[in-house]
2 protein chains.
Amino acid sequence: MRILLVEDDAETADYVARGLEEAGHVVDRAADGQDGLFLATGGGHDVMVVDRMLPKLDGLSMVRAARAAGIATPVIFLTARAGVGDRVEGLDAGGDDYLAKPFAFAELLARINALARRPPLQQQVTVLRVGDLEMDLIRRTVIRAGRRIDLQPREFRLLEYLMRREGQVVTRTMLLEGVWDFHFDPKTSVVETHVSRLRVKVDKGFGRELIHTVRGAGYVIRADG
Amino acid sequence: MRILLVEDDAETADYVARGLEEAGHVVDRAADGQDGLFLATGGGHDVMVVDRMLPKLDGLSMVRAARAAGIATPVIFLTARAGVGDRVEGLDAGGDDYLAKPFAFAELLARINALARRPPLQQQVTVLRVGDLEMDLIRRTVIRAGRRIDLQPREFRLLEYLMRREGQVVTRTMLLEGVWDFHFDPKTSVVETHVSRLRVKVDKGFGRELIHTVRGAGYVIRADG
DNA sequence: CCTCGACCAGCAGGATCCTCACGGTGCCTC
DNA sequence: GAGGCACCGTGAGGATCCTGCTGGTCGAGG
């Protein structure tokens with residue numbers, strides 16, 4: 001999930017961004033309302049987390065402007081003030097939720113999930129399965145045929161990306177964007193290298209291969225054939 | 001607080017869920033007894049609010065099944081019928097409280113708060129075990145392979161947090177919130193320092209290690225490799 | 001048989017993590 | 001209230017390990 005974080009306090013921003021990234025999300029950051037609005041209008045975010053008090057352009061105005069520009073992305077406001085009046089103001093401006101500082105990160109995460117219209121925690125997909133390969137997203141473990149497989153962070157993201165698109169050919173460009181956050185061509189064989197490493201761990205010694213190369217196109221993960 | 005709401009009538013469910021969320025709780029929802037039971041057995045709820053009449057599996061049976069599965073979470077039943085006989089039935093099944101529809105939301109909230117403050121009647125977990133490591137929460141003692149281990153308060157909380165999530169990777173952010181009550185990034189190596197100290201006491205000299213670091217993610221406690 | 005894409009071993013740089021010594025804080029004792 | 005002690009957070013320095021790149025090799029497809 002791609003989340004836009006607009007927060008001027010560096011400490012809070014770092015904390016939130018770190019937590020979100022640990023939870024597997026991609027975070028775009030802005031330190032003031034002007035930059036925030038710019039990024040927001042770029043679109044492509046699933047949720048925005050916006051501080052009310054911001055330099056240059058306050059959070060309320062930023063969200064109003066974004067809404068006026070046709071951006072419908074759900075918004076959660078962060079604020080030091082927690083009065084009812086503020087809450088109404090925030091919701092009026094097009095905010096969807098509201099969180100008073102200081103807040104527990106776990107709560108923010110729960111609200112983000114709620115807003116993104118994802119089913120609540122217990123119901124989300126937490127286990128991906130392709131053939132006899134199994135990935136538990138919460139425990140962060142991968143098991144094939146009963147044997148645990150240890151993966152590096154990047155390998156884990158790569159495998160997750162593939163497994164979420166079982167049977168679908170995934171292009172290099174998709175991988176570079178979704179797994180590496182590269183929005184350009186590195187002109188190296190990063191992807192191939194990691195697919196190779198992944199194969200050694202996931203496919204080698206298990207007989208049937210799951211990761212297949214589609215020449216000229218990309219890769220697929222698939223249980224059959 | 002995390003609340004499980006099991007209610008098939010969408011209107012009532014929306015109403016209750018919204019109210020609870022506004023009161024600062026996190027709400028997990030299910031529309032029938034089967035889903036409800038599934039979520040309930042996932043654990044982690046402080047209170048369950050359950051309708052008596054549910055599709056697939058009625059509320060009473062659901063709670064009985066949950067109790068049988070070792071779930072001690074307090075339950076409040078919602079019901080259209082308000083007879084004394086029903087009340088007894090509900091309490092017999094393992095319900096803790098009872099509310100007849102239509103009800104005032106404020107009353108539900110009050111009862112939830114009352115229930116959550118009460119220590120659950122069933123025997124709660126007082127001993128955590130991971131491999132040959134054993135933590136007694138009441139005596140505040142830790143024993144591994146028959147040898148007693150003395151831990152400092154913070155070390156104890158840290159180990160407890162890990163053990164309660166055996167096999168699950170715990171991020172630094174989770175630890176900072178759950179063990180330190182920090183809602184910001186201290187930008188120091190507090191966590192690492194304490195994990196290090198904990199390891200010396202818990203793992204050193206016991207051969208097999210229980211606390212593992214997952215680079216780029218966090219830590220896990222696990223008995224096997 | 002030639003060409004181009006794919007594969008992968010090896011390596012260096014850098015990010016992450018571990019450990020340790022130090023000092024601050026709060027509590028207890030006298 | 002001074003002194004001592006236990007506990008904990010800080011930050012530096014070093015160890016470890018991940019990761020992206022290079023370049024040689026392989027093999028499919030034409």
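Source: prediction; values computed, not measured. Per chain, numbering begins at 1; letters A, B, ... match sequence-line order.
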D:dT19 phosphate, OP1 or OP2, under 4.0 Å from A:Trp180 side-chain N/O: no
Check: A:Glu22/B:Thr173 side-chain N/O donor and acceptor closer than 3.5 Å: yes
Between D:dG20 (P) and A:Phe182 (CZ): distance, integer Å: 6 Å
Whole angstrom value for the distance that separates P of C:dC17 from CD1 of B:Ile211: 15 Å
base_contact_polar (C:dC8 base, A:Ser189 side chain, donor-acceptor, <3.5 Å): yes
Interatomic distance where CZ belongs to A:Phe156 and P belongs to D:dT19 [whole Å]: 13 Å
Donor-acceptor under 3.5 Å (B:Asp203 side chain, B:Ile211 main chain): yes
Distance test, side-chain N/O of A:Arg199 to OP1/OP2 of C:dC7, below 4.0 Å: yes
Whichever of A:Ser196 and B:Thr213 has its nearest DNA chain C nucleotide further upstream toward 5': A:Ser196
Touch class at under 4.0 angstrom, heavy-atom based, for A:Thr193 against every strand present: base
Spacing of B:Glu160 atom CD and B:Arg140 atom CZ [to the nearest 0.5 Å]: 6.5 Å
Separation of C:dT19 C1' from B:Arg197 CZ (nearest whole Å): 10 Å
Aromatic A:Tyr161 / basic A:Arg165 pairing, under 6.0 angstrom, 45° off normal: yes
B:Glu155 or B:Lys187, whichever maps to the more 5' nucleotide of DNA chain D: B:Glu155
Rounded distance in Å - CG (B:Leu198) to C1' (C:dC18): 14 Å
N/O (side chain, A:Arg172) to phosphate O (OP1/OP2, C:dA6) under 4.0 Å: yes
Side-chain N or O of B:Tyr219 closer than 4.0 Å to phosphate OP1/OP2 of C:dC18: yes
Distance, rounded to the nearest Å, where A:Leu158 contributes CG and D:dT19 contributes C1': 13 Å
Sugar-phosphate, base or nothing in reach of A:Arg154, heavy atoms under 4.0 Å: sugar-phosphate
Length of the CZ-P vector between A:Arg157 and D:dG20, whole Å: 10 Å
Nearest-nucleotide comparison on DNA chain D, the residue closer to the 5′ end among A:Arg215 and A:Gln152: A:Gln152
B:Lys201 NZ - C:dC18 C1' separation (whole Å): 17 Å
Phosphate OP1/OP2 of D:dG20 contacted by A:His194 side-chain N/O (<4.0 Å): yes
B:Lys201 and B:Glu155: CA distance, side-chain angles, deciding distance, salt bridge (charged side-chain N to carboxylate O under 4.0 Å, His left out) verdict: CA-CA 10 Å; B:Lys201 298 185 178 180; B:Glu155 294 165 357; 2.9 Å; yes
